[in-house]
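To start, the structure under review is shown below, and the notes come after it.
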Amino acid sequence: MIIGVPSEVKEDENRVGLTPSGVGALLEEDHRVLLQNGAGKASGFDDEQYISLGAQICKTAQEVWRKSELIIKVKEPISSEWESMRKGQILFTYLHLAASKELTEAIIDSNVVALAYETVVQANGELPLLTPMSEVAGRMSVQAGTRFLEMDKGGSGILMGGVPGVAAGKVVIIGGGTVGMNAAIIAAGLGARVVVLDSSLSRLRYLDRVMAQNVEHLYSTREAIRQEICDADLVIGAVLLPGAKAPRVLYQEDLKTMREGSVLVDVSVDQGGCFETIHPTSHSDPVYCIDGIVHYGVTNIPGIVPRTSTPALTNSTLPYISAIAGKGWEQACREDLSLRAGLNAVDGSLTYKAVADNFGIEYVDPEVLLSVNV
């Protein structure tokens with residue numbers, strides 16, 4: 001199969017869909033790999049590294065899209081890329097369709113076969129292609145939040161770890177999944193007072209066993225959240241419903257109960273956000289202020305640390321890419337239920353129910369499509 005890797009065009013996105021080692025593994029399986037000129041540079045990979053393994057370099061993204069049967073990306077296609085998608089082509093990337101009806105309609109209109117990293121789900125409920133970036137985003141959320149707590153950045157001027165004789169800062173994390181757990185690890189390591197809220201008692205029990213002593217675990221209710229944010233310096237939104245729009249857990253009225261200069265970081269913003277007042281921002285313009293509260297809404301947090309996040313992503317996606325390229329998307333999805341869950345659209349039909357329900361678009365069960373196409 002001809003596999004194409006275009007450069008990422010989303011603002012401040014420095015990752016690339018495949019590392020040289022990932023490309024080498026696919027070439028050993030007798031696939032062709034086309035890479036846009038300079039696509040891996042920001043992640044620390046020169047064209048020569050790809051060429052030495054046998055990849056072909058294309059001068060433009062249009063050439064990659066035109067010649068490739070399978071497109072591997074990191075982030076969802078933006079409007080300038082939509083016209084390059086075509087019927088019969090396979091697109092494998094983070095899609096986050098629930099956050100954009102416009103993108104969803106563009107995917108449908110293109111008749112592309114679209115598989116989303118974030119909805120590939122294993123039998124035990126794990127999200128193997130979302131997990132590595134959630135780990136990065138969770139850790140980065142604390143790093144970003146503490147930066148914007150500095151007074152010259154608009155924050156209240158709190159040192160998260162405090163000093164002897166002065167109380168440490170308080171971090172409230174709403175959601176105890178992969179993002180929340182990794183945020184808690186970093187916040188606790190800084191010496192902060194950390195509170196994690198989650199609505200799963202089994203998850204809270206697990207976190208209580210494995211986390212540091214300066215992490216408190218509370219059952220998440222509306223009232224519990226309101227009580228904990230009153231004296232919080234940093235609040236991190238880490239709520240996820242796979243493939244669906246993130247539920248609201250914090251509202252504008254709640255901001256009035258918080259201390260001026262506190263920081264909100266909404267890691268779920270690429271799924272619509274779990275804070276009512278959040279809207280997408282970029283690394284070049286990451287924050288804005290509402291009611292005295294600093295809001296951080298960057299939608300591609302791991303994009304700013306590509307030398308960590310690109311290899312982590314390829315490590316996870318490569319087995320799935322190999323299966324799609326070697327067997328074709330239909331057979332690969334028939335054999336692997338986790339990959340089948342990644343199907344979001346096929347030939348103009350929307351095949352992910354949560355997105356269809358969110359936008360009121362007709363849903364087609366992928367099981368039906370796969371059985372028809374046998």
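Treat the numbers as computed from the prediction; the structure is a model and nothing was measured. Sequential numbering from 1 along the given sequence is applied to the chain's residues.
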Give, for atom CD of Q331 and atom CZ of R334, the distance between the pair rounded to the nearest 0.5 Å. 5.5 Å

If we count only N and O atoms by modelled type, under 3.5 Å, do the side chains of S43 and T310 hold a donor and an acceptor together? yes

Residues pairing under side chain to side chain donor-acceptor pair (under 3.5 Å) where one sits in residues 85-99, two or more places apart or in two chains, turn out to be H96-D270, H96-Q271

How about E223: does its CD atom have over 12 heavy atoms from other parts shown lying under 6.0 Å from it? yes

Less than 4.5 Å apart, side chain to side chain, heavy atoms only: is that true for V171 and L190? no

Just checking, is any N or O donor in the side chain of T131 or E126 under 3.5 Å from an acceptor N or O on the other one? no

Closest approach of P20 and Q49, non-hydrogen atoms and distance? CG-CB, 4.0 Å

Quick one: does L343's side chain get under 4.5 Å of L369's, heavy atoms only? no

Is a donor on one side and an acceptor on the other found under 3.5 Å between the side chain of S322 and the backbone of P319? no

What pair of heavy atoms forms the shortest contact from D47 to Q36, and how long is it? OD1-O, 4.3 Å

Quick check against the 3.5 Å criterion: does D266 have a side-chain atom that pairs as donor or acceptor with the backbone of C274? yes

Taking C-beta and beyond as the side chain, do Q56 and K67 meet within less than 4.5 Å on heavy atoms? no

According to a hydrophobic-cluster definition based on side-chain heavy atoms being under 4.5 Å apart (Ile, Leu, Val, Met, Phe, Trp, Tyr only), do V5 and I2 belong together? no

Among the clusters formed by ILVMFWY side chains lying less than 4.5 Å apart, do V287 and V269 turn up in the same one? no

Just checking K59: does its NZ atom have more than 12 heavy atoms from other residues, nucleotides or ligands closer to it than 6.0 angstrom? no

CD1 of I158 to NZ of K170, rounded to nearest 0.5 Å, is 13.0 Å

Any chance CD of E276 has more than 12 other-residue heavy atoms, nucleotides or ligands included, within less than 6.0 Å? yes

Answer with yes or no whether the hydrophobic clustering places L339 together with V364; edges join I, L, V, M, F, W, Y residues whose side-chain heavy atoms lie under 4.5 Å apart. yes

Got E118 and L127 here, is their nearest side-chain heavy-atom distance under 4.5 Å? no

So does A341 get a backbone contact from the side chain of T119, meaning a donor-acceptor N/O pair under 3.5 Å? yes

For a side chain to side chain contact (heavy atoms under 4.5 Å, CB included) with H283, tell me which candidate from N14, T299, D12 qualifies. D12

How long is the straight-line distance from NE2 of H217 back to CG of L197, given to the nearest 0.5 Å? 10.0 Å

What orientation do F148 and Y296 show, parallel under 30°, tilted 30 to 60°, or perpendicular over 60°? tilted

Candidate pair L35 and F45, rule side chain to side chain contact (heavy atoms under 4.5 Å, CB included), full reasoning: CA-CA 12 Å; L35 186 90; F45 307 121; over 6 Å; no

Co-membership, hydrophobic cluster, residues V33 and I90, 4.5 Å side-chain: yes

Quick one: does any side-chain atom of T281 pair with a main-chain N or O of G297 as donor and acceptor, under 3.5 Å? yes

Over 12 foreign heavy atoms within 6.0 Å of CD, E260: no

Could you check whether any side-chain heavy atom of D357 comes within less than 4.5 Å of a side-chain heavy atom of Y363, counting everything from C-beta outward? no

Is a side-chain donor-acceptor pair under 3.5 Å present for S349 with T351? no

Is any side-chain N of the basic residue among K353 and E367 closer than 4.0 Å to the acidic one's carboxylate O? no

What one should report as the nearest heavy-atom pair of G54 and L27 is C-CD1, 3.6 Å

To the nearest 0.5 angstrom, please state how far the CG atom of L115 sits from the SG atom of C333. 5.0 Å

Go through it in stages, so that I can follow the logic: the residues are V346 and W329, the test is side chain to side chain contact (heavy atoms under 4.5 Å, CB included), and I'd like the CA-CA distance, side-chain angles, deciding distance and then a yes or no. CA-CA 10 Å; V346 176; W329 72 268; 3.6 Å; yes

Separation of L130 CG from E135 CD (nearest 0.5 Å): 10.0 Å

Going by heavy atoms in the side chains, are R147 and Q143 under 4.5 Å from each other? no

Test item: E105 and W82 side chains (from C-beta on) under 4.5 Å apart, heavy atoms: no

Does P311 offer a backbone N or O that forms a donor-acceptor pair with the side chain of N315 under 3.5 Å? yes

Can you confirm whether more than 12 heavy atoms, excluding those of E253, are under 6.0 Å from its CD atom? yes

Are V74 and V16 close enough, and set up right, to give a side chain to side chain contact (heavy atoms under 4.5 Å, CB included), and what steps lead you there? CA-CA 6 Å; V74 178; V16 64; 5.6 Å; no

Using a strict threshold of under 4.0 Å (side-chain N to carboxylate O), is an ion pair present between D254 and R248? no

Test your reading of the model: is there a side-chain donor-acceptor pair from Y117 to the backbone of F92, 3.5 Å cut-off? yes

Taking all heavy atoms of G88 and all of D347, pick out the closest pair and write down the distance. N-OD1, 4.3 Å

Counting N and O atoms only, with roles assigned by atom type, does the side chain of D233 sit under 3.5 Å from a partner on the main chain of G169, one being a donor and the other an acceptor? no

Measure the CG-OG distance between L91 and S84 for me, rounded to the nearest 0.5 Å. 11.0 Å

Compare all side-chain heavy atoms of L97 with those of Y352 and state whether any distance is below 4.5 angstrom. no

Candidate pair S268 and L240, rule side chain to side chain contact (heavy atoms under 4.5 Å, CB included), full reasoning: CA-CA 7 Å; S268 64; L240 172 70; over 6 Å; no

Hey, does the side chain of T221 reach the backbone of A224 with a donor-acceptor pair shorter than 3.5 angstrom? yes

Look only at the side chain of N358 and the backbone of A354, and say whether a donor-acceptor pair between them is shorter than 3.5 Å. no

What one should report as the nearest heavy-atom pair of P77 and M85 is CG-SD, 4.0 Å

Backbone of S200 reached by a side-chain donor or acceptor of D198 within 3.5 Å: yes

Salt bridge between R193 and E216, side-chain N to carboxylate O under 4.0 Å? no

Honestly curious: do M258 and I278 fall in one hydrophobic cluster under the side-chain, below-4.5 Å linking rule? yes

So, applying side chain to side chain donor-acceptor pair (under 3.5 Å) with N300, which one of E13, E8, K10, R15 is it? E13

If you look at every heavy atom in P247 and V239, which pair is closest and at what distance? CG-CG1, 3.5 Å

